[in-house]
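One structure below.
We use all heavy atoms of the structure for the numbers below, so side chains are in, but hydrogens, waters and symmetry mates are not.
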Amino acid sequence: MTAPRQIALATLVQPNGNHLAAWLAPGAQPDAGTDIAWWQRIAQIAEQGKFDLFFIADTPTVRTDNMRIWSHAPTFMNQLEPLTMLAAVAGATSRIGLGATVSTSFSEPYNVARFFASLDHISQGRAAWNVVTSANDYAARNFGHAKLAPHGERYERAAEFVEVVKKLWNSWEPDAFLYDTTEKLTFDPAKFHLVQHEGKHFRVHGGLNIAPAPQGHPVIIQAGASDTGKELAAATAEVVFGTSATIQGGVAFYQDLKGRMAKYGRAPDTLKILGGITVIVGDTAEEAEALNREYQELLHPAVGVMRLGQDLETDLSDLPLDEPVPKHRIPAASNHHQAYFAEIAGLIREGLTLRQVAARYNRSKATLCGSPTQIADLMQEWMEAGACDGFMVTFPVMPRGLQDFVDKVVPELQRRGLFRQDYTGTTLREHLGLPRPRHPAEETQA
């Protein structure tokens with residue numbers, strides 16, 4: 001009998017949880033975003049549950065308009081810079097992977113290569129970089145631009161950015177640093193490879209001043225759902241966060257993305273697709289549904305409408321809450337999050353009222369709400385259907401949601417043979433079953 005495929009598990013963490021009203025939930029900690037002890041505790045709970053990856057989303061901005069409304073839902077506000085924070089989390093954990101978002105639109109390849117190589121050393125091989133192009137004009141204005149560059153141009157820059165970062169990570173061969181006290185030699189100069197890059201977006205002449213990362217390269221994550229984003233992922237990503245809200249959508253995305261990899265000389269198993277799910281677990285289905293209603297009732301209605309307007313790229317606040325959203329208010333196209341845009345447009349085309357669209361919009365993620373057995377059933381169904389290789393799990397309220405999942409759902413997945421009993425490796429690549437990248441010099445020698 002064939003053993004079931006093992007589920008890869010990551011969790012995306014925001015202060016107090018990922019619900020826009022999490023800060024209002026009972027037991028929420030007002031200063032969670034800047035309390036390193038809070039972040040360390042959450043990572044330790046995830047590590048207790050044998051999660052592969054503890055992940056921090058980030059945006060280099062503050063929303064500078066409608067601030068009164070955003071004050072009701074302080075997403076990405078008063079939160080530590082992720083790489084600084086993960087360096088501290090690394091010291092409080094020993095196995096779980098540590099990933100963070102850094103934008104290619106508003107960073108330089110050398111800095112990103114150095115930051116993540118350093119995090120990989122600090123964590124002894126647990127670092128991961130989520131490659132994003134940024135998706136709001138607030139960020140653009142922080143860096144002196146009126147608005148984001150066009151979608152295609154941002155992804156063109158991102159592709160070259162990743163290429164340069166990889167070259168920098170390969171500045172030194174794996175055994176270049178000798179520390180030979182007899183010869184008084186710290187490194188072998190013959191094993192340094194000068195980076196000379198002349199491209200459309202970047203010019204680099206030099207190399208990193210740090211030894212190769214323990215994983216060879218930190219793991220590369222990508223989450224683009226557009227056709228351009230999927231091409232970048234097929235060429236460069238090792239983990240992709242899926243955005244499908246249904247199993248059928250997940251299967252289509254999985255087959256589409258993995259089907260693109262061959263033209264880049266890549267095997268399908270060198271990329272892990274993690275379906276995005278929100279989990280609300282209770283001892284019974286009724287208890288989980290009650291929790292879901294409780295969280296939704298905490299949300300200020302103006303926040304839901306504003307988030308729709310942001311992701312649809314058109315203001316809907318002038319519309320009545322309890323009437324259908326006119327279909328002509330859907331823009332022709334999006335320059336921001338393609339998957340989010342498509343989800344909102346689909347809900348509007350169903351003829352829902354503005355209040356209903358705001359309540360149902362879940363940023364292209366499936367919501368699994370039920371008992372531990374029901375949650376495990378649904379996760380197993382996604383895996384067996386070929387919709388994903390695992391899950392990027394968000395919890396509306398932290399630490400409660402994560403702790404309940406670790407205490408109640410993880411044992412059920414383990415009982416079914418779907419999830420590890422314990423870590424068998426020390427690096428994120430080992431957890432995920434991803435190969436260590438070979439240095440170009442090793443390829444030449446082979």
Can you find a heavy atom in the side chain of P326 that is under 4.5 Å from one in the side chain of L319? yes
Test F241 against I273 for side chain to side chain contact (heavy atoms under 4.5 Å, CB included), laying out the working first. CA-CA 6 Å; F241 299 151; I273 297 177; over 6 Å; no
Are Q29 and N16 close enough, and set up right, to give a side-chain hydrogen bond (donor to acceptor under 3.5 Å, both in side chains), and what steps lead you there? CA-CA 7 Å; Q29 181 178 325; N16 290 308; over 6 Å; no
So do the side chains of L274 and F55 get within less than 4.5 Å of each other, counting heavy atoms only? no
H217 and side-chain contact (heavy atoms from CB on, under 4.5 Å): which partner among W129, F116, W169? W169
With a 4.5 Å limit on heavy-atom distance, are the side chains of E108 and F202 in contact? yes
Can you list the steps and then say if Y264 with E231 is a side-chain hydrogen bond (donor to acceptor under 3.5 Å, both in side chains)? CA-CA 10 Å; Y264 298 105; E231 284 298 318; 2.4 Å; yes
L428 to G97 - nearest heavy-atom pair and separation: CD1-CA, 4.0 Å
Is a donor on one side and an acceptor on the other found under 3.5 Å between the side chain of R114 and the backbone of L208? no
Non-hydrogen atoms of P4 and G417 that approach each other most closely: CG-O, 3.4 Å
Tell me the closest heavy-atom pair linking I375 and C369, and the distance in Å. CD1-N, 3.9 Å
Identify the heavy atoms of Y295 and P396 that sit nearest to each other, and give their distance. CD1-CB, 3.6 Å
Please check: side-chain N/O of E430 versus main-chain N/O of T427, any donor-acceptor pairing under 3.5 Å? yes
Examine the side chains of Q403 and D407 and answer whether a donor and an acceptor come within less than 3.5 Å of each other. yes
Show the numbers, then the answer: is there a side-chain hydrogen bond (donor to acceptor under 3.5 Å, both in side chains) between T101 and D58? CA-CA 6 Å; T101 293; D58 187 61; over 6 Å; no
Measure the shortest side-chain to side-chain distance between S134 and R154 over non-hydrogen atoms and say whether it is less than 4.5 angstrom. no
From E286 CD over to L291 CG, what is the distance, rounded to the nearest 0.5 angstrom? 12.0 Å
Gap separating the SG atom of C388 from the CD1 atom of I7, nearest 0.5 angstrom: 7.5 Å
Judged by atom type as modelled, is there a donor-acceptor pair below 3.5 Å linking the side chain of E81 to the main-chain atoms of L83? yes
Close side-chain approach of L316 to L354, heavy-atom, < 4.5 Å: yes
Ignoring hydrogens and geometry, is there a side-chain-to-backbone donor-acceptor pair from T104 to V132 under 3.5 Å? yes
Any donor-acceptor pair under 3.5 Å linking the side chain of D120 with the backbone of Q215? yes
How many angstroms lie between atom CD1 of I45 and atom OG1 of T11, to the nearest 0.5 angstrom? 10.5 Å
How many angstroms lie between CD in Q6 and CD in Q414, if you round to the nearest 0.5 Å? 9.5 Å
Any Lys/Arg nitrogen of E412 or R416 sitting under 4.0 Å from an Asp/Glu carboxylate oxygen of the other? yes
State whether the side chain of T93 and the backbone N or O of R95 hold a donor-acceptor pair below 3.5 Å, judged by distance alone. no
Please report the C-alpha distance between I220 and V239 in whole Å, then the side-chain angles of each, then the deciding distance to 0.1 Å, and finally whether the side chain to side chain contact (heavy atoms under 4.5 Å, CB included) criterion is met. CA-CA 6 Å; I220 293 179; V239 173; over 6 Å; no
I'd like to check V281 versus S371 (side-chain heavy atoms, cut-off strictly below 4.5 Å). Are they in contact? no
Decide yes or no for L9 and F419: does some side-chain heavy atom of the first lie under 4.5 Å from some side-chain heavy atom of the second? yes
Measuring from atom CD1 of I221 to atom OG1 of T236, what distance do you get when rounded to the nearest 0.5 angstrom? 11.5 Å
Could you pull out the closest heavy-atom pair between M85 and I36, with the gap in Å? CG-CD1, 3.6 Å
Under the 3.5 angstrom rule, does the side chain of E238 hit a backbone N or O of L271 as a donor-acceptor pair? no
List the steps, then state whether side-chain hydrogen bond (donor to acceptor under 3.5 Å, both in side chains) holds for T278 with T394. CA-CA 5 Å; T278 296; T394 60; 2.9 Å; yes
Within a reach of under 6.0 Å around CD of Q124, are more than 12 heavy atoms found that belong to other residues, nucleotides or ligands? no
Measure up the F106 and H145 rings against each other and bin them: parallel (under 30°), tilted (30 to 60°), perpendicular (over 60°). tilted
Between A233 and V240, the two heavy atoms sitting closest are CB-CG2, 3.7 Å
Could you check whether R329 pairs with D315 (Lys NZ or Arg NE/NH1/NH2 to Asp/Glu carboxylate O, under 4.0 Å)? no
I'd like to know if D404 pairs up with R400 as an ion pair, taking the criterion as any Lys NZ or Arg NE/NH1/NH2 lying under 4.0 Å from an Asp or Glu carboxylate oxygen. yes
Just do the ring-ring contact (aromatic ring centres under 6.0 Å, His included) check on H431 and Y423 with the steps written out, would you? CA-CA 7 Å; H431 301 340; Y423 295 110; 4.7 Å; yes
Does some side-chain heavy atom of L86 sit less than 4.5 Å from a side-chain heavy atom of I56? yes
Does P214 offer a backbone N or O that forms a donor-acceptor pair with the side chain of R436 under 3.5 Å? yes
E163 bridged to K167 by N-O distance under 4.0 Å: yes
Ignoring hydrogens and geometry beyond distance, is a side-chain donor-acceptor pair present between Q44 and Q40 at under 3.5 Å? no
Between E160 (side chain) and R157 (backbone), is there a donor-acceptor pair under 3.5 Å? no
Salt bridge flag under 4.0 Å for residues K147 and D137: no
Go through the steps for L232 and Q222 under the test side chain to side chain contact (heavy atoms under 4.5 Å, CB included), then give the verdict. CA-CA 8 Å; L232 178 62; Q222 214 268 328; 3.9 Å; yes
Distance check, rounded to the nearest 0.5 Å: L24 atom CG versus H19 atom NE2? 10.0 Å
Please test R307 against D311 for salt bridge (charged side-chain N to carboxylate O under 4.0 Å, His left out), starting from the C-alpha separation and ending with a verdict. CA-CA 6 Å; R307 186 175 67 158; D311 289 349; 5.2 Å; no
Indicate yes or no: does R126 engage D52 in a salt bridge with an N to O separation below 4.0 Å. no
Salt bridge flag under 4.0 Å for residues K258 and D269: no
Under 3.5 Å, side chain of R5 to main-chain N/O of D389, donor-acceptor pair present? no
For a side chain to side chain contact (heavy atoms under 4.5 Å, CB included) check, start with the C-alpha distance between V393 and L12, then their side-chain angles and the critical distance, and finish with the verdict. CA-CA 6 Å; V393 190; L12 188 158; over 6 Å; no
